[in-house]
Amino acid sequence: MANQKLDRLDKQILKLISADARIPFLEVARICEVSGAAIHQRIQKLTNMGVLKGSQFIIDPEKVGYETCAYIGLNLKNPEDFDRVVEELKDLPEVTECHYTTGNFDMFIKIYAKNNHHLLDIIHDKLQPLGLSSSQTLISFHSAFERQLPVMAMLDSEENS
């Protein structure tokens, strides 16, 4: 999809809510010097454009007993099974991301498991039966950082170029 045309107010709103998703709309309105209704309308417009995809609370997997994070490259015996495999992966709650990729794998997934034994069970009992020709697992020891794409910095640099 092409870049969306955003004006100064849209960008200011995005900057504020990306820094603090729980900021009250009336506070955004005060900072932007517009009415609360204008902020509600702009948020709705940004949502309808697909720029905003909702909001969510982020649960720390480790705090709820999922201590192992792994990335697994998957190769399918039959590449025409992509759609079926993706639908079956959606049914596995431990799989949190799935990407079609170039390179050595047909797809790449992110998975959380309670421990290494649980990870082995998932790979053996849930992933292998999907029709894999091979897989490669990388265990993450610790995430150095995670973030959303820093869109606002990119938008600011577009204005200055």
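The residues of the chain are indexed from 1 along the displayed sequence.
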Answer yes if the side chains of S134 and N75 hold a donor-acceptor pair under 3.5 Å, and no otherwise.
-> yes

Can you check side-chain contact (heavy atoms from CB on, under 4.5 Å) on L92 and K126, steps first, answer last?
-> CA-CA 8 Å; L92 302 179; K126 296 179 180 181; 3.7 Å; yes

Mind checking the CG-CD spacing from D121 to E94? Nearest 0.5 Å is all I need.
-> 10.0 Å

Verify, without hydrogens or angle tests, whether D106 (side chain) and L76 (backbone) share a donor-acceptor contact under 3.5 angstrom.
-> yes

Would you say I59 has more than 12 foreign heavy atoms packed within less than 6.0 Å of its CD1?
-> no

Joint hydrophobic cluster, L119 plus Y112, side-chain heavy atoms closer than 4.5 Å | no

K45 and D10 ion-paired at < 4.0 Å = yes

With a cutoff of under 4.5 Å between side-chain heavy atoms, which Ile, Leu, Val, Met, Phe, Trp and Tyr residues group with I58?
-> none

Same cluster (ILVMFWY, side-chain, under 4.5 Å), Y71 and L74 | no

Does D81 reach the main-chain N or O of R84 with its side chain, forming a donor-acceptor pair under 3.5 Å?
-> no

Take atom NZ of K110 as the centre, draw a 6.0 Å sphere, and report whether it contains more than 12 heavy atoms from other residues, nucleotides or ligands.
-> yes

Apply side-chain contact (heavy atoms from CB on, under 4.5 Å) to M107 and L89, showing your working.
-> CA-CA 11 Å; M107 56 182 66; L89 288 169; 3.7 Å; yes

Take I43 and V28 through the test side-chain contact (heavy atoms from CB on, under 4.5 Å) and record every step on the way to the result.
-> CA-CA 11 Å; I43 294 289; V28 174; over 6 Å; no

R42 and D7 ion-paired at < 4.0 Å | yes

Interatomic spacing from CD1 in I31 to CD1 in I39 - rounded to 0.5 Å = 9.5 Å

Out of curiosity, S133 OG to K77 NZ, how far, rounded to the nearest 0.5 Å?
-> 8.0 Å

State the CD1-CG distance between I13 and L52, to the nearest 0.5 angstrom.
-> 9.0 Å

With sequence neighbours excluded, tell me which residues meet ring-ring contact (aromatic ring centres under 6.0 Å, His included) with F82.
-> Y100

Could you tell me the separation between the CD atom of E88 and the CG atom of L127, rounded to the nearest 0.5 Å?
-> 10.5 Å

To the nearest 0.5 Å, atom CD1 of I72 lies from atom CZ of F108 at 9.0 Å

State plainly whether the residues R30 and E27 are in salt-bridge range, i.e. N to O under 4.0 Å.
-> yes

Within the side chain of N78, is there an N or O that forms a donor-acceptor pair under 3.5 Å with the backbone of E80?
-> no

